[in-house]
Structure formats: structure tokens, C-alpha cells
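Okay, structure first, notes after.
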Amino acid sequence: MRHLMSPLDLTVEELDKLLDLANDIEKFPEKYAHACDGKRIATLFYEPSTRTRLSFEAAMMNLGGKVLGFSSADSSSAAKGESVSDTIRMVSCYADICAMRHPKEGAPLVASMVSGIPVINAGDGGHQHPTQTLTDLLTIRSLKGRLDHLTIGLCGDLKFGRTVHSLINALVRYTGIRFVLISPEELRVPDYIREDVLRSNGIPFEEVIRLEDALPKLDLLYMTRVQRERFFNEDDYVRMKDFYILDSAKMKLAGPDMLVLHPLPRVNEISTEVDADPRAAYFRQVQYGVYVRMALILTLLEVKV
Ligand code: CP
């Protein structure tokens, strides 16, 4: 039985196969409409979510399966003190696979150690968000035609943004990847990402503060929101929250093919006027998230179509 805790749980070959399957699902959805008849996914969300929870549920329904779960810790027996380990033992009796989001880093990993069903990390604290990374990779490969030889700008809260950490981990395995890390001093990537992931893999990167300086050289700009829920102090959040706002004037500094991605939700960091720009790909990215989660469910449940 396999779980997904990090994008590195899949080899590059397995990842390619998964993305190929997602593209096939996009082209021929009817072929997969009954692939998971009789199967159930449990979505165990101890933290708020719109996209990840609903896209897992939509993915399972698109495959003919059913969904159950909870959308907040308060509406589960976690509110009475039940541990994640005990919860997953129960859920293993009710479902065939589960997706878990938790504010504590490592909680889905703890669950996977005692689980009777595959566990998917749907975001753990400020650590990892592997299925957002699968979504991002599918979007980039589908719209850019490749995952190598790209200069990628990551902008915003690079300290707490788990989608950024997972995406860097996944992309360093491809040749010709360069990063421009755009953040205020206080929200730079954690040391372990800079040293153990970027430097130890010999990946070229620069850290800059001004978005305007980075824009002309990027193939892809990955915007992120400032993660209010991870700040210890509201004043610090207020000071940081509007540090970057991508608007039409700034988009003029970017190349004609530079894609803009965002894991969403957005707050103020992308002005709505950018939505109409053909380079804005963040809503297309959401649709890719459903295809790739369908592919992941099929892969972890070992369903052949
Ligand atoms: N991208 C993402 O994880 O969105 P949600 O928090 O809405 O699931």
C-alpha cells in the first residue's frame, strides 16, 4: 500500500506516468466515469480548504465513487481529544483512501503509519502540499510543454508557503531549472530549502526583494499569498500582507509567454485586472487539479482502466 506525503514519494518516471494519465483523463473523461464504482474517499480536513477538499471529492465522484469526511476539526471527534492515529483507524473501516489536511506538520505521516488505507497529505502546516505540486506540474507541462529549462519566479510568503516548498522539491529533479526567489527579508525560504534542497542539488537561484526586477527574466511566475494563519503576531501579518501586488502595469514588464500561476486562494497579491490577461493561468490550474487528483486516486488504488 502506498501513501503520498511528499512529491518525492513518486520517482520522475512515476510522476511522468501520472501526468500522462491526468492528460488522458482530460481528453477522455467518459473512459474513467466508472473506474471507482463502489470505492469511497474520506476527506479529513482539520484546517479550512475550498480547492483541495472539493477537488478530491469531485475527482472521486468523476470516477464513479463516493465521498465522506469532515471539513473542520470542530466537527469531528478531534474536538473531544481524539488523536489522528485513532481517527485514521476508524476511517480505514469506512473508506478505501483518504486525503488529510492538518495544521501540524507531519500529522498525515503519523496517520499513514497506522492506516489500513492509502493516506494522501492534503497539506500539513507550513511543510508540504504534494497534490498542489502535482497540480502545478500538470499545469506547467500542459501549458509550457515541458518541465525542464525554465526560469521560475516564486513570489510572496516563501517562508510559510508549503506549496512553494513542495514545488521546489519537485522541480529540482529536472534539468535547466533556475529559481528567482522573490520575498521580503522576513519571508525568505527556510534554510533547509536553501541549503538541503537548492544548494545541495546545485540549482542556480537568486533571492531578490523587488518583483519588478525579476519579471523580465521569468518563464513562469508563481504568486503566493501571505499565510496569515502561520503568523504569531497579527501586526507582522498586516505589515507584510500587501508587500506584493501583481497588476497590469507590472505585467507589462513580463515576457509575452510568461505564465502566472497561484495555488489560490488569492487575497490582494494579484489584482483582479490581471485575470483577463492570457498569461494568467491560475483558474486553468484549478481544473488541472481535478484531473491530477483523479489520476492519483487511480494510481494509489491500483485501478487499471
Ligand atoms: N490551493 C489550496 O490548497 O487551496 P485550498 O486551501 O482552498 O484547499
Side-chain angles (χ1 to χ4, degrees), residues 1-6 9 36 39-61 65-133 135 157 159-166 190 224-238 241 263-267 286 289-290 293 296-297 300-301:
M1 185 174 59
R2 289 188 75 174
H3 308 285
L4 186 80
M5 295 297 122
S6 150
D9 291 346
C36 284
K39 305 274 189 204
R40 293 185 182 142
I41 187 167
T43 51
L44 312 180
F45 277 61
Y46 295 81
E47 235 191 15
S49 167
T50 296
R51 273 147 298 275
T52 311
R53 186 170 67 85
L54 297 183
S55 65
F56 265 118
E57 295 183 357
M60 189 49 127
M61 289 192 268
K66 293 189 167 70
V67 303
L68 66 162
F70 52 82
S71 58
S72 74
D74 288 349
S75 62
S76 79
S77 284
K80 302 178 209 159
E82 187 165 60
S83 68
V84 160
S85 300
D86 280 0
T87 300
I88 195 69
R89 284 188 176 98
M90 305 307 118
V91 171
S92 300
C93 303
Y94 311 145
D96 302 283
I97 188 166
C98 99
M100 177 184 287
R101 170 170 291 187
H102 202 287
K104 286 204 179 126
E105 302 186 357
L109 179 65
V110 169
S112 72
M113 288 168 176
V114 294
S115 179
I117 58 176
V119 177
I120 300 166
N121 178 2
D124 61 329
H127 185 220
Q128 297 262 6
H129 192 346
T131 62
Q132 181 62 50
T133 298
T135 302
D157 185 349
K159 179 179 181 183
F160 296 118
R162 59 192 173 199
T163 63
V164 166
H165 306 160
S166 284
T224 63
R225 86 187 153 91
V226 176
Q227 306 269 305
R228 180 182 204 158
E229 63 275 33
R230 314 267 176 242
F231 276 72
F232 294 114
N233 173 334
E234 180 72 5
D235 290 345
D236 286 345
Y237 167 72
V238 170
K241 73 184 175 69
L264 304 179
R266 106 176 112 182
V267 187
V286 171
V290 179
R293 288 185 175 97
L296 181 64
I297 291 168
L300 293 182
L301 289 178

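- In this structure, H165 contributes its side chain and G126 its backbone to a donor-acceptor pair below 3.5 Å.
- Judged by the 6.0 Å and 45° rule, R293 forms a cation-pi pair with F56.
- Not counting sequence neighbours, the partners of F160 by the ring-ring contact (aromatic ring centres under 6.0 Å, His included) test are F231.
- Although no hydrogens or angles enter the test, the distance criterion places a donor-acceptor pair under 3.5 Å between the side chain of H102 and the main chain of K104.
- Remark: the backbone N or O of G106 is paired with a side-chain donor or acceptor of D124 at under 3.5 angstrom.
- For the pair S76 (side chain) and A73 (backbone), a donor-acceptor distance under 3.5 Å is present.
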Exercise for review: Could you go through the side chain to side chain contact (heavy atoms under 4.5 Å, CB included) check for R51 and V286 one step at a time?
Suggested key: CA-CA 7 Å; R51 273 147 298 275; V286 171; 4.2 Å; yes
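- Taking the ring-ring contact (aromatic ring centres under 6.0 Å, His included) definition, one finds that H129 meets it with nothing, sequence neighbours left out.
- Judged by distance alone, the side chains of S166 and Q132 never bring a donor and an acceptor atom under 3.5 Å apart.
- Residues passing the salt bridge (Lys or Arg N to Asp or Glu O under 4.0 Å) test with R162, sequence neighbours excluded: E47.
- Listed by chain and number, the residues in a salt bridge (Lys or Arg N to Asp or Glu O under 4.0 Å) with R40 amount to none (sequence neighbours excluded).
- Judged purely by atom type and a 3.5 angstrom limit, T224 uses its side chain to pair as donor or acceptor with the backbone of D157.
- For T50, the side-chain contact (heavy atoms from CB on, under 4.5 Å) partners at least two apart in sequence or on another chain are L54.
- Listed by chain and residue number, R89 satisfy the salt bridge (Lys or Arg N to Asp or Glu O under 4.0 Å) test with D86 (two or more places apart in sequence, or in another chain).
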